[in-house]
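Chain identifiers are assigned alphabetically (A, B, ...) following the order of the sequence lines, protein sequences preceding nucleic acid strands; residue numbering begins at 1 within each chain.
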Amino acid sequence: MPDERRDALEKKTRYEPAEVEARIFAEWIEGGYFHPEAEGTPEQNFSVAIPPPNVTGALHMGHALNGSMQDALVRMNRMRGRNALWVLGTDHAGIATQAVVEKELRAEGSSRQELGREAFVERIWAWKEEYGSRIVEQYKRLGASCDYERERFTLDEDYVRAVYRVFKRLFDKGYIYRDNYMVNWDPGSHSAISDLEVENREVEDTLYSIDYPVEGSDRVLTVATVRPETMLADTAVAVNPDDERYADLVGTHCVLPLVGRRLPVIADEHVDPEFGTGALKITPGHDPNDFEIGRKHGLEEIGAIGPDGRMTEEAGERFAGMTAAEAQAAVVAALREEGRLRAEEPYVHSVPFSHRSGERIEPLISLQWFCRMDELAAPAIEAVEADRVRITPPQWKRVYLEWMREIRPWCVSRQLWWGHRIPVWYCDPCEETIVAEEEPEGCGACGGELRQEEDVLDTWFSSAIWPFATLGWPDDTPELRAFYPTSFLTTAREILFLWVARMIMTGIEFAGDVPFRDVYVHSVIQARDGRRMSKSLGTGIDPLGEIDQHGADALRFGLLAMSSTQDVRYSDAKVQQGRDLANKLWNASRLVLLNAAEVEPAPRPLHAEDRWILSRLERTIASVGGKLEEYDFAHAAAGAYSFFWSELCDWYLEIVKPRLYEGEAEVSATLLWALERVLALLHPIMPFVTEEIWNYHPSRRGHLAVHSFPTADESLLDPEAEAEVQEGIELTRRLRAWRDLVEAPAASVLPARAEGAEPREFVGRLSRFSFGADGGDPVAAVGAVKILASGEIDATAVAARLAARREELRSEVARAEGKLANQSFVARAPAEVVEEEREKLARYSAELEELSE
RNA sequence: GGGCGCGUAGCUCAGUGGGAGAGCGCUCGCCUCACACGCGAGAGGUCGUUGGUUCGAACCCAACCGCGCCCACCA
């Protein structure tokens with residue numbers, strides 16, 4: 001090592017991530033390691049399509065966790081010599097992005113309406129050019145080894161072509177159709193949204209009971225509703241067909257209060273006779289249930305509430321123009337005045353809200369584009385049933401299958417301007433509808449001028465084709481041939497249906513195969529107090545802040561270590577553990593690199609402890625690699641940590657220090673070799689610090705990012721050495737505990753004598769006992785070691801210590817005796833378990849006897 | 001209303017049939033020539049409750065009590 005580098009290494013006693021991360025990342029990019037050639041087959045290669053973050057997004061903890069997992073696997077596979085591609089890109093995120101730019105416009109006193117569609121869309125593009133790469137830069141901070149040269153965007157020209165191809169094909173197959181149907185209207189985004197974008201929340205409303213007089217009778221039907229304003233659109237009253245109370249009324253009519261409309265009384269099973277009075281007002285225009293009933297019975301559909309959330313002309317002159325809330329108050333007041341209001345009571349129920357805008361959903365009927373899903377779902381169900389797509393953890397397989405089997409048509413049109421404008425053209429004169437991948441010249445039927453559909457597609461329509469559209473589909477590209485199907489996908493469970501299921505469906509339908517072999521549904525990292533991490537709650541923790549403070553490696557390690565199959569609270573302690581580990585790696589490496597002789601790194605064991613550490617290392621390599629392969633990141637991280645810290649640093653380095661300082665060739669070679677393997681093993685989890693240390697390693701020929709990932713060498717496993725050294729470690733521990741308990745001065749070396757075989761050399765050194773002492777009276781025994789009297793130790797403390805140990809032993813002996821006295825245990829437990837118990841009893845009894853002298 | 005999951009040391013979490021673990025925090029002792037983001041030694045737990053199965057249960061079964069999530073058109 002050149003002197004100036006040696007000096008730098010010597011001086012730097014603390015690893016400073018901020019000083020190295022940007023430089024290392026630039027080197028990786030410079031090396032082109034993240035940009036594989038499109039060669040080989042998907043089976044030979046390893047590829048991942050990143051869940052595309054919103055262009056408006058900033059890296060949050062979910063991205064950081066997801067990214068850490070993907071990067072760990074991508075890096076491991078790259079190091080294994082596979083062509084590893086991690087496709088990166090962003091999603092145009094229709095509603096979210098449009099909302100951001102509309103907000104800007106509002107601040108300027110303008111609006112998208114004022115700008116007009118074309119200028120507005122241009123404005124969003126300008127916004128995207130300026131801010132859209134933010135999150136990509138943030139992924140770099142994390143160390144994500146994505147292919148930044150193949151970055152994609154869901155509104156790229158080629159991507160749009162893929163989306164249009166898919167739409168056209170689905171239309172030609174008859175899956176896509178246009179219909180007047182009940183949709184979830186989001187007054188916030190002024191658009192329909194799909195069922196999956198609706199979240200139900202418990203809300204306390206008032207349940208109003210209203211009397212509807214029966215025509216030509218003095219009877220009334222009392223109906224209950226939380227939304228009295230919708231009565232203005234009532235077109236029937238329904239009762240259960242088996243409800244004897246009302247059997248005679250079925251077929252007659254009620255008169256709708258305030259409006260005067262005649263409402264037929266109909267019978268339908270959907271009505272629960274137990275609820276309220278058993279009579280249900282039917283509003284096909286504003287309630288999904290009533291809509292179904294209405295279609296079944298051929299009822300009139302009245303729209304009393306418009307898309308703007310205000311009452312329409314249909315609501316009657318008295319209420320038209322009011323907001324729904326105003327209308328509710330007015331209707332209640334009018335009913336009260338007319339004496340129709342029977343009761344008002346508080347009522348808690350679940351109410352749909354828009355996941356996007358947070359506003360209460362207004363169910364209403366409108367003309368939308370839908371996609372029928374059952375035909376697409378069938379092979380996607382089969383693929384998961386047959387494990388051609390494996391879902392981990394396995395309980396999510398069932399959740400997926402159950403949802404898929406109940407799948408309903410998907411409302412794919414959105415009343416937005418930002419997105420894929422639906423590739424449908426209308427000819428007004430001849431009422432022709434043309435679906436095409438490219439804008440037609442004119443109407444084929446009459447030659448008239450065409451008008452393109454105003455609506456855009458649901459953002460998820462384009463994300464559904466992400467894994468193959470990013471690789472160049474519909475063209476037959478080298479990327480598609482080399483990397484599709486992708487290897488795996490990590491995802492949050494909340495988008496299992498919204499996204500994952502749809503990718504499987506479109507992948508099979510259009511790309512001819514499932515989009516990925518494995519889906520790993522990761523846990524959710526909650527805020528420190530157990531609430532959801534959310535921007536609106538202010539509970540989010542910024543991963544970039546954590547990186548600034550502790551380094552990317554620390555955050556990555558921490559996130560992987562805290563992840564598990566169940567949801568967990570964010571743990572600062574785990575991130576600090578990662579930071580401490582990075583620092584420990586740095587310092588242990590300094591010890592080895594600065595003191596090792598100039599030798600070729602290789603396993604060159606001379607003693608049992610060398611064979612011990614080599615064996616432990618190989619076991620760790622096998623276990624950590626295996627855990628990563630099965631997506632058990634938490635145990636991979638913990639396993640690597642404990643091997644490195646406890647076994648390698650706390651024991652082996654301490655044991656071999658004298659040999660290392662002497663410049664012994666064998667231990668130098670062994671240490672350098674072990675260090676190389678440890679660095680490579682940890683690189684997928686902590687890429688920066690390991691790469692930085694690698695700069696100083698004599699084996700270095702290129703970057704660690706493309707160094708080979710270690711494979712366990714079974715010839716180095718040595719159970720005997722493991723057992724022997726383990727025994728020495730135990731003895732050292734007991735001796736240290738003994739001296740602590742008798743409060744022997746820390747620096748003192750105490751005299752002792754070993755009975756029988758001399759303990760391994762390190763035992764005395766690390767516990768500060770000298771076994772060479774002759775003469776002197778034994779004052780205590782620790783295993784086969786007799787501790788001799790000396791001025792350093794206090795006799796009463798020794799006596800107390802002995803008494804305490806005897807107490808421990810008595811309880812152990814009693815436990816073992818009790819167990820062995822149990823006839824059933826001896827008779828029915830497996831022989832080796834019983835034998836083990838006998839051995840323990842013998843061991844403890846012997847020690848107790850020794851101490852009782 | 002259905003489904004899934006969780007209740008283990010002060011905190012955050014591992015452990016899923018044979019003597020309770022980790023990290024952090026806490027106590028005591030150490031600036032020991034890699035690291036005080038460190039080293040050594042400790043204290044701390046009737047494994048939510050109650051029954052059951054078993055020679056043996058934190059672990060399997062049942063019920064109950066708490067908590068969380070997903071799905072669902074009872075007004």
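- Of the candidates B/rA14, B/rG38, B/rA75, B/rG38 carries the atom nearest the A/Lys584 side chain, counting heavy atoms from C-beta on.
- Distances from the side chain of A/Phe275 to the nucleotides B/rA75, B/rC35, B/rG42 place B/rA75 closest.
- For the pair A/Tyr15 OH and B/rG38 C1', the computed distance is 19 Å after rounding to whole Å.
- We find that CD of A/Glu202 is positioned 11 Å from P of B/rG1, with the value rounded to whole Å.
- Side-chain nitrogen and oxygen atoms of A/Arg579 include none within less than 4.0 Å of the OP1 or OP2 phosphate oxygen of B/rC37.
- Distance CD (A/Gln576) to C1' (B/rC37): 8 Å, rounded to an integer number of Å.
- Taking the C1' atom of each, B/rU46 and B/rC31 are spaced 43 Å apart, rounded to whole Å.
- With a cut-off of 3.5 Å on both Watson-Crick or G-U wobble distances, the partner of B/rG1 is given as B/rC71.
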What's touching nucleotides 21-23 of chain B from the protein side, N or O pairs under 3.5 Å?
from, atom 1, to, atom 2, distance (Å)
B/rG23, O2', A/Gln577, OE1, 3.4

Donor-acceptor pairs under 3.5 Å, side chain of residues 276-286 of chain A to any protein atom, not counting sequence neighbours: which ones?
from, atom 1, to, atom 2, distance (Å)
A/Thr277, OG1, A/Thr222, O, 2.3
A/Thr277, OG1, A/Ala279, N, 3.3
A/Lys281, NZ, A/Thr230, OG1, 2.8
A/Lys281, NZ, A/Asp234, OD1, 3.0
A/Lys281, NZ, A/Thr283, OG1, 3.0
A/Thr283, OG1, A/Asp234, OD1, 2.6
A/His286, ND1, A/Pro363, O, 3.3
A/His286, NE2, A/Ala304, N, 2.8
A/His286, NE2, A/Ile305, N, 3.1

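- Annotation: of the two residues near RNA chain B, A/Arg569 and A/Asn822, the 5′-most nearest-nucleotide partner is A/Arg569.
- Between A/Ile525 atom CD1 and B/rU12 atom P the separation is 14 Å, expressed in whole Å.
- In this structure, A/Lys584 forms a cation-pi arrangement with A/Trp645, its terminal cationic atom sitting closer than 6.0 Å to the ring centre and no more than 45° off the ring axis.
- Per the geometry, CG belonging to A/Asp195 stands 11 Å off P belonging to B/rC71, to the nearest Å.
- Remark: A/Arg493, A/Phe497 in residues 492-502 of chain A come within less than 4.0 Å of RNA chain B through at least one heavy atom.
- With both pairing distances under 3.5 Å, B/rG7 is matched to B/rC65 as a Watson-Crick or G-U wobble pair.
- Remark: A/Arg5 qualifies as a cation-pi partner of A/Tyr696 under the 6.0 Å distance and 45° angle criteria applied to the six-membered ring.
- Listed candidates were B/rG3, B/rG18, B/rG29. Nearest to the side chain of A/Arg398 is B/rG3.
- For B/rG42, the paired base is B/rC26 (Watson-Crick or G-U wobble, both distances below 3.5 Å).
- To the nearest angstrom, C1' of B/rC69 lies 12 Å from CD of A/Gln395.
- For the residue pair A/Asp268/A/Asn240, the side-chain donor-acceptor check at 3.5 Å is not satisfied.
- For CZ of A/Arg532, the number of neighbouring non-hydrogen atoms (other residues, nucleotides, ligands) closer than 6.0 Å is 12 at most.
- Here the P atom of nucleotide B/rC74 and the CD1 atom of A/Ile293 are 12 Å apart, to the nearest Å.
- Within the 4.0 Å cut-off from OP1 or OP2 of B/rC39, at least one side-chain nitrogen or oxygen of A/Trp645 is found.
- A 3.5 Å limit on both hydrogen-bonding distances identifies B/rG52 as the Watson-Crick or G-U partner of B/rC60.
- Distances shown here put a side-chain N or O of A/Tyr347 below 4.0 Å from the OP1 or OP2 atom of B/rA75.
- The base of B/rG40 is paired with the side chain of A/Asp740 by a donor and an acceptor separated by under 3.5 Å.
- Stacking of A/Arg528 on the aromatic ring of A/Tyr570 is not recorded, the 6.0 Å distance cut-off and the 45° axial limit not both being met.
- Distances were taken from every side-chain heavy atom of A/Asp650 (C-beta onward) to each of B/rC39, B/rC37, B/rC74; the shortest belongs to B/rC39.
- In summary, the side chains of A/Arg739 and A/Ser748 do present a donor paired with an acceptor at a separation below 3.5 Å, with no hydrogens or angles considered.
- Phosphate contact (OP1/OP2 of B/rC13, side-chain N/O of A/Ser564, threshold under 4.0 Å): absent.
- Side-chain proximity of A/Asp272 to the nucleotides B/rC35, B/rG18, B/rA75 is greatest for B/rA75.
- Regarding contacts with the backbone of B/rC37, every side-chain N or O of A/Lys12 stays at 4.0 angstrom or more from both OP1 and OP2.
- B/rG21 is paired with B/rC13 under the criterion used here, namely a Watson-Crick or G-U wobble arrangement in which both key atom distances are under 3.5 Å.
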Result block: side-chain N/O donor-acceptor pairs under 3.5 angstrom for residues 818-827 of chain A, not counting sequence neighbours:
from, atom 1, to, atom 2, distance (Å)
A/Asn822, OD1, A/Ser824, N, 2.9
A/Asn822, OD1, A/Phe825, N, 3.4

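- Contact record, A/Arg590 with A/Leu9: NE-O, 2.8 Å, taken as the closest heavy-atom pair.
- Within 4.0 Å of A/His270, counting heavy atoms only, lies at least one base atom of the nucleic acid.
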Check: protein-nucleotides 44-48 of chain B nitrogen or oxygen pairs below 3.5 Å:
none

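- In the set B/rU32, B/rC37, B/rC35, B/rC35 carries the atom at the smallest distance from any side-chain atom of A/Glu654.
- Both tests do not hold together for A/Arg733 against A/Trp738: distance to the six-membered ring centre under 6.0 Å, angle to the ring axis within 45°.
- Of all nucleotides present, none satisfies the Watson-Crick or G-U wobble test against B/rC47 with each distance under 3.5 Å.
- The existence of a salt bridge linking A/Glu362 and A/Arg360 is excluded, since no basic side-chain nitrogen approaches an acidic carboxylate oxygen closer than 4.0 Å.
- With hydrogens and angles left out, the side-chain atoms of A/Asn695 and A/Glu692 include a donor and acceptor closer than 3.5 Å.
- In this pair, A/Tyr520 and A/Phe633 present their aromatic rings perpendicular. The plane angle is above 60°, beyond the 30 to 60° band.
- For the ring-ring contact (aromatic ring centres under 6.0 Å, His included) test, no residue two or more places apart in sequence or in another chain qualifies with A/Trp396.
- Atom-to-atom, CH2 of A/Trp651 to P of B/rU32 comes out at 19 Å; the value is rounded to the nearest Å.
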